[in-house]
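In what follows, a structure is listed as structure tokens, so that the remarks can point back to it.
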Amino acid sequence: MALTRYETLAQTLRRQIDTQVWLPGDKLPSLRESCKQSGLSLMTVLQAYQLLESQGLIVARPQSGYYVAPRKVRAMTRKYAHTLHAAEQVDINDAIFDILQAGQDASIVPLGSAFPDPTLFPQPRLARSLASAVRRMSPHSAMANLPPGNEELRRSIAQRYAQNGMEVAPDEIVITSGAMESLGLSLQAVTEPGDWVAIESPAFYGVLQAIERRKLKAVAIPTDVRTGIDLDALEQALDTYPIKACWLMSNFQNPLGCTLSSAKKSRLVAILQNHGVAVIEDDVYGELYFGAERPMPLKASENRSQILHCSSFSKCLAPGFRVGWVAAGAYAEHIQRLQLMSTLSASVPVQLALADFLQKGGAPGRYDTHLRRLRRQLEQRMMSMINAITDAFPACVSISQPEGGYFLWLDLGEKVDAARVYRRALTQGVSIAPGTMFAVDDRYRHCIRINTSFEWSPQTARAIEILANLVNEELRT
Ligand SMILES: Cc1ncc(COP(=O)(O)O)c(C=O)c1O
């Protein structure tokens, strides 16, 4: 679509800012000067300036004019892993284990953790639901709640799908011990050891662990920090390797935070369907959106029987309960069998407790009330963290701009060894997730992921200062 005149002017100015024709703090030509130079009307020039202002690139100073925003930390625009990366063998579990173990110390500021701040959740109410569930449990409960899992809970989950305009029958849903189990069972259902799986790059380390455990081969598809997985590269991979499954996150990807546009989701589903590839969709952060509406998962598309939609209550309601599920389409029965052969079932009292919690409170229900509050808090906390990092970190650092979830991805610049920053930060009581956790090689060795869910505190401020100092020291060496 052709750009309007003001968009064209804004694009020219944006390019000039990017190429440092104008530096942070520089005064831009006044509206009148700009009209004269461009031959455009005052209104058109004003619209262009206002567009750049709304994008945070310039700021208006009353009675003075427009200035290039003092952006010490730039919004990230880079695409990673320009090439496909095929790994015949994935070998990452030891490294990840060490990092996860190191983060368990309660005295450490857990910016590397994947867990949300536990104080964000309705603990007393959940405790009441749990107590009441245990009281009401019949002696036959264990048998009655074998796979696919508690019927009331599956119906509540199906109702939430329906609330979002998706038709998912309770029979299609299998309750699991967290999303980790639903993802692992899904992978097992659609692959045999030795098969190829397409994954994102960077990817959630759980993907890499599951692939290693099941002795699969991985093709890592370049994934953009704003627009998500590169579909041309995915098509190339599908033409090159006999890929059986694609495991990805279409909403608030971990670690990048990106969300696919609706158009891209449709194209992705069509591509994978044409190649007969099963989709393992990890949507654990889908409820944690900052905008007005929940971004739809791939599972919302018409052709969804090959899409295994995995999620859980771990990130949005009850982190310690370890309850998740998969809406498994054509694979539901197979997954039940696999679960019966492995963990047998998710814990019965916690399934009953969640069913109790979700059913009480009427429409819109206590769960929705909790989620609305949670989303607001997470957004505020992420903004505070972005501001703090912007103020403290050096100018070469760029930062992702997620519209949901609670992770920021920082590119510290090629000179910085994030694994060393990680080790040194740990000795000063701060954990971060180094980029090496999110790929089978060290291509993200200069990146880190930060958890922004914790309430801002003097400890967090100090942790950011420590990290900024370490990054500055790295840059000086
Ligand atoms: C992207 C992603 N998927 C899955 C999981 C696992 O979820 P659960 O705790 O429900 O097993 C996590 C947890 O960190 C995650 O970040």
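Both ligands and their constituent atoms are indexed starting at 1 by order of listing.
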**Asked** Nearest protein heavy atom to atom 14 (O) of ligand 1, by residue and atom, and its distance?
**Response** Lys315 NZ, 2.7 Å
**Item:** Best match, Asp283, Asp282, Val323: closest heavy atom to atom 1 (C) of ligand 1
**Value:** Asp282
**Asked** Taking the six-membered ring for Trp, are Trp325 and Phe313 parallel (under 30°), tilted (30 to 60°) or perpendicular (over 60°)?
**Response** tilted
**Prompt:** Between Met249 and ligand 1, which part of the residue brings a heavy atom under 4.0 Å of the ligand: side chain, backbone, both or neither?
**Reply:** side chain
**Which of the ligand 1 atoms, numbered from 1, are nearer than 4.0 Å to a heavy atom of Ser312** = 10 (O)
**Request:** Going by heavy-atom distance to atom 5 (C) of ligand 1, choose the closest among Phe321, Phe204, Phe252.
**Result:** Phe204
**Request:** May I ask you to check whether over 12 heavy atoms, not counting those of Glu333, lie within 6.0 Å of atom CD?
**Result:** no
**Options Cys310, Ala179, Ala114, Gly405, ranked by nearest heavy atom to atom 7 (O) of ligand 1, top entry** = Ala179
**Fill in**
For Gly178, the ligand 1 atoms with a heavy-atom partner under 4.0 Å come out as 10 (O), 11 (O)
**Lys315 charged N/C atom sitting above Phe115 aromatic ring, 6.0 Å / 45°** = yes
**Prompt:** Cation-pi between Arg449 and Phe438: NZ/CZ under 6.0 Å from ring centre and within 45° of the ring axis?
**Reply:** no
**Prompt:** Arg322 near ligand 1, heavy-atom distance under 4.0 Å?
**Reply:** yes
**Item:** ligand 1 to Tyr285 polar contact by distance, N or O atoms, under 3.5 Å
**Value:** yes
**Message:** If the threshold is 4.0 Å, N to carboxylate O, is there a salt bridge linking Glu403 and Arg226?
**Reply:** no
**Message:** Checking the N or O distance criterion of under 3.5 Å, is ligand 1 in contact with Leu183?
**Reply:** no
**side-chain contact (heavy atoms from CB on, under 4.5 Å), paired with Ile175, selected from Asn145, Asn150, Val350, Ile157** = Ile157
**Prompt:** Ring centroid separation for Tyr406 and Tyr285, is it under 6.0 angstrom?
**Reply:** yes
**Request:** Pick one of side chain, backbone, both or neither for how Phe313 approaches ligand 1, counting any non-hydrogen atom pair under 4.0 Å.
**Result:** neither
**Fill in**
In ligand 1, the atoms that come under 4.0 Å of a heavy atom of Ser314 are 8 (P), 9 (O), 10 (O)
**Request:** Establish, from distance only, whether the side-chain atoms of Ser301 and Asn303 form a donor-acceptor pair under 3.5 Å.
**Result:** no
